[in-house]
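Reading through the C-alpha cells given below for one structure.
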2 protein chains.
Amino acid sequence: MGRWQPNARGRLAQAAMELYSEHGFEQTTVAEIAKRAGLTERTFFRHYADKREVLFAGGSVLEDLFVRAVADAPDSAGPIDAVAAALAAADTVLLDRESARQRQAVIDANAELRERELIKLASLASALTAALRGRGVTDLTASLAAEAGIAVFKVAFARWIAEGERKDLPRLIRESLDELRAVASSLS
Amino acid sequence: MGRWQPNARGRLAQAAMELYSEHGFEQTTVAEIAKRAGLTERTFFRHYADKREVLFAGGSVLEDLFVRAVADAPDSAGPIDAVAAALAAADTVLLDRESARQRQAVIDANAELRERELIKLASLASALTAALRGRGVTDLTASLAAEAGIAVFKVAFARWIAEGERKDLPRLIRESLDELRAVASSLS
DNA sequence: GAGACCGATGTCAGTCGCTGTCATCGTCAT
DNA sequence: ATGACGATGACAGCGACTGACATCGGTCTC
C-alpha cells in the first residue's frame with residue numbers, strides 16, 4: 001500500500017457532499033471537509049480551486065458530450081437540430097435522478113452555488129456556440145441556437161428533478177424544444 | 001453641512017469603478033476603495049453586501065422596467081411579444097454606451113464578476129417569468145419565453161457593446177429576436 | 001543497491017473578504 | 001436641554017485561500 005489512502009480527490013468530494021447536505025454549504029468549513037476525508041485543508045485546495053468547485057468538477061464531462069454530439073450531427077441537420085441532438089445525449093450522463101436531486105437541493109439552497117452553476121451553464125453555451133461555428137454556422141445564429149438550447153436544457157432539467165415528475169429526461173427535452181418553437185414562432 | 005460628506009454610497013461606487021478599471025478587480029482591496037472614498041472598510045460593507053455588488057446595484061432598475069413593460073403590454077400580445085416589448089424598453093435605461101463598455105470590460109476580465117452578472121440575468125429571467133404568469137401564461141411557456149428573451153438580450157447587448165458596432169440597441173434586439181424565430185422554427 | 005529525484009501531502013504564516021459589537025457624535029423632535 | 005436616532009469609526013475575529021518550505025514513500029539511474 002502506498003504512503004496515502006487512495007482516491008483523495010473522491011474522498012474530498014464525498015465528504016463535501018455529505019457535509020453540505022447535512023449542515024448546509026455556508027455552515028461547512030473546508031477544514032471540516034478535509035478532516036472527514038482524512039486530509040488537511042491545504043490539500044483540499046490542491047484538488048479543488050475553491051469550496052464550490054467540488055460540486056461542479058464533473059461538469060466537463062457533460063460539456064465534452066455536448067460538443068461531440070454537435071460535431072457528430074449529420075451535415076443535413078440545421079443548428080437547432082444539432083443542439084437538440086446534443087441535449088438528447090445528456091441522459092447518457094445524467095443517470096441517477098436521486099443524486100441529481102440531492103445535489104440540486106444543495107445548490108438551490110445557496111446563492112454562491114447558484115452563481116457557480118450559472119457560469120458552468122454559460123460555459124456550456126459557449127462550448128455549444130463554438131461547436132456550431134465549427135459546422136460553419138454564423139456567429140449570431142450559433143449564439144442564439146446555443147443559448148436557446150441551454151434555456152431548454154435548464155427548463156427540462158428542472159422538470160426532471162421536480163418532485164412527482166415521472167417523464168424521462170429525453171422526453172422532457174423534446175417537449176421543451178417543441179414549446180420553444182411554438183413560443184418563438186408566434187413572434188409578431 | 002452635515003457631519004459627513006454627502007453621497008457616501010455614490011463615492012464608494014465611483015472609487016470602486018476607478019480602481020477596478022485601473023488595477024483590476026482582484027488587485028483592488030475594499031480598504032483601498034473605502035480610503036479613496038474617504039470612508040472605512042466597514043462602511044463599504046454597510047452600503048454594499050460584498051465587493052462585487054458595487055458594480056451591480058443598479059440592476060434592479062432594469063428589472064423593474066422589464067416587469068412593468070410586460071405587465072403593461074396589451075392583452076392581445078402573446079408571451080414572446082410581451083417579452084419583446086420589455087426588451088425594447090431597455091434602451092431608456094442603457095443610455096451611455098461608453099460607460100456600459102467600460103463596466104463590461106471590468107466584468108469580462110474577472111470570473112467572479114461574470115458569475116455575479118449571470119445571477120443578475122437569471123434574476124431578470126425569473127422576474128420576467130413571474131410577470132408573464134401574471135398575464136395568465138402557463139409555467140412552461142412563461143419560463144421558455146423569459147429564458148429565450150434573456151438569451152436574446154444577452155446576444156444583442158454584447159453586439160451593442162462590441163467595438164465598431166454602429167446600430168442602436170433596439171435595432172439589435174429586433175434583429176436577434178428575428179434570428180431566434182428563424183432558428184427555432186427550423187426545428188425538425 | 002545507494003543515492004538522486006519526484007509527487008502527494010503536511011505545516012505554518014499571512015492576506016483579505018466579511019461580520020458582530022460597541023463607541024462616537026451631529027441632528028432632530030419634544 | 002435632553003434623549004432618541006442614524007451614519008460612521010474602531011476593533012476583534014472567523015474562514016477562504018495562497019505561498020513557501022518540509023516530509024517521505026516510490027521510482028529511476030547508474
Side-chain angles (χ1 to χ4, degrees), chain A residues 1-57 106-107 109-117 119-120, chain B residues 1-57 106-107 109-117 119-120:
Chain A
M1 198 173 76
R3 182 177 174 192
W4 301 283
Q5 300 297 314
N7 194 23
R9 190 180 168 89
R11 273 151 48 215
L12 286 167
Q14 185 181 345
M17 186 63 211
E18 291 170 7
L19 288 167
Y20 293 170
S21 281
E22 291 169 18
H23 309 126
F25 175 77
E26 287 180 6
Q27 282 62 47
T28 303
T29 70
V30 174
E32 288 166 0
I33 298 169
K35 185 172 182 181
R36 177 170 299 204
L39 296 164
T40 65
E41 189 180 353
R42 190 69 184 86
T43 297
F44 177 93
F45 288 109
R46 288 200 178 95
H47 285 279
Y48 298 101
D50 61 56
K51 192 184 165 188
R52 285 170 275 172
E53 193 60 20
V54 64
L55 286 179
F56 296 94
V106 171
I107 293 170
N110 181 269
E112 288 181 61
L113 292 173
R114 285 197 303 269
E115 289 189 355
R116 177 58 52 87
E117 182 183 35
I119 214 168
K120 294 293 182 181
Chain B
M1 200 173 75
R3 182 178 173 192
W4 300 282
Q5 300 296 316
N7 194 23
R9 191 180 167 89
R11 273 152 47 215
L12 286 167
Q14 186 181 344
M17 186 63 209
E18 290 169 7
L19 289 168
Y20 293 170
S21 281
E22 292 170 17
H23 309 127
F25 174 77
E26 287 179 3
Q27 281 63 46
T28 303
T29 71
V30 175
E32 288 166 359
I33 299 169
K35 185 173 182 182
R36 177 170 297 205
L39 295 165
T40 64
E41 188 180 355
R42 189 68 184 86
T43 297
F44 176 95
F45 287 110
R46 288 199 177 95
H47 286 279
Y48 298 100
D50 60 57
K51 192 184 166 188
R52 284 170 277 172
E53 193 61 18
V54 65
L55 285 180
F56 296 94
V106 170
I107 293 170
N110 180 270
E112 288 180 62
L113 291 174
R114 286 198 301 270
E115 290 189 352
R116 177 58 53 89
E117 182 183 34
I119 214 167
K120 294 292 182 182

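Letters A, B, ... mirror the listed sequences (proteins, then strands); counts begin at 1.
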Review point. Can you check side chain to side chain contact (heavy atoms under 4.5 Å, CB included) on B:L39 and B:W4, steps first, answer last?
Key: CA-CA 10 Å; B:L39 295 165; B:W4 300 282; 5.7 Å; no
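For the pair B:F45 CZ and D:dT8 C1', the interatomic distance rounds to 15 Å; values are reported in whole Å. Atom pair B:L12:CG and C:dC18:P shows a separation of 14 Å (rounding to whole Å applied). Following rounding to the nearest Å, B:L113 (CG) and C:dG17 (P) show an atom-to-atom distance of 13 Å. Separating the CD atom of B:E32 from the C1' atom of C:dC18 is a distance of 16 Å, rounded to the nearest angstrom. C:dC16 atom C1' lies 12 Å from atom CZ of B:F25, rounded to whole Å. Going from atom CD1 of A:I33 over to atom C1' of D:dC17 covers 13 Å, rounded to whole Å. The distance from atom CD of B:E53 to atom P of C:dT19 is 12 Å, rounded to the nearest whole Å. Residue B:E26 contributes atom CD, which lies 18 Å from atom P of C:dT15 at whole-angstrom precision.
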Check your understanding: When every nucleotide of nucleotides 8-14 of chain C is labelled 5' to 3' by its protein contacts under 4.0 Å (heavy atoms), B for base, S for sugar-phosphate only, - for none, what sequence of letters results?
Key -> BBBB---
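A:E112 has no carboxylate O lying under 4.0 Å from a charged side-chain N of B:R116, or vice versa, which leaves the two without a salt bridge.
For the side chain to side chain donor-acceptor pair (under 3.5 Å) condition, the pairs that include at least one residue of residues 10-19 of chain A, sequence neighbours left out, are A:Q14-A:E18, A:E18-A:R36.
In this structure, A:F45 has no ring-ring contact (aromatic ring centres under 6.0 Å, His included) partners at least two apart in sequence or on a different chain.
At least one donor-acceptor pair closer than 3.5 Å links the side chain of B:Y48 to the backbone N or O of B:R9.
Note that the NZ atom of B:K120 and the CG atom of B:L55 stand 11.0 Å from one another [nearest 0.5 Å].
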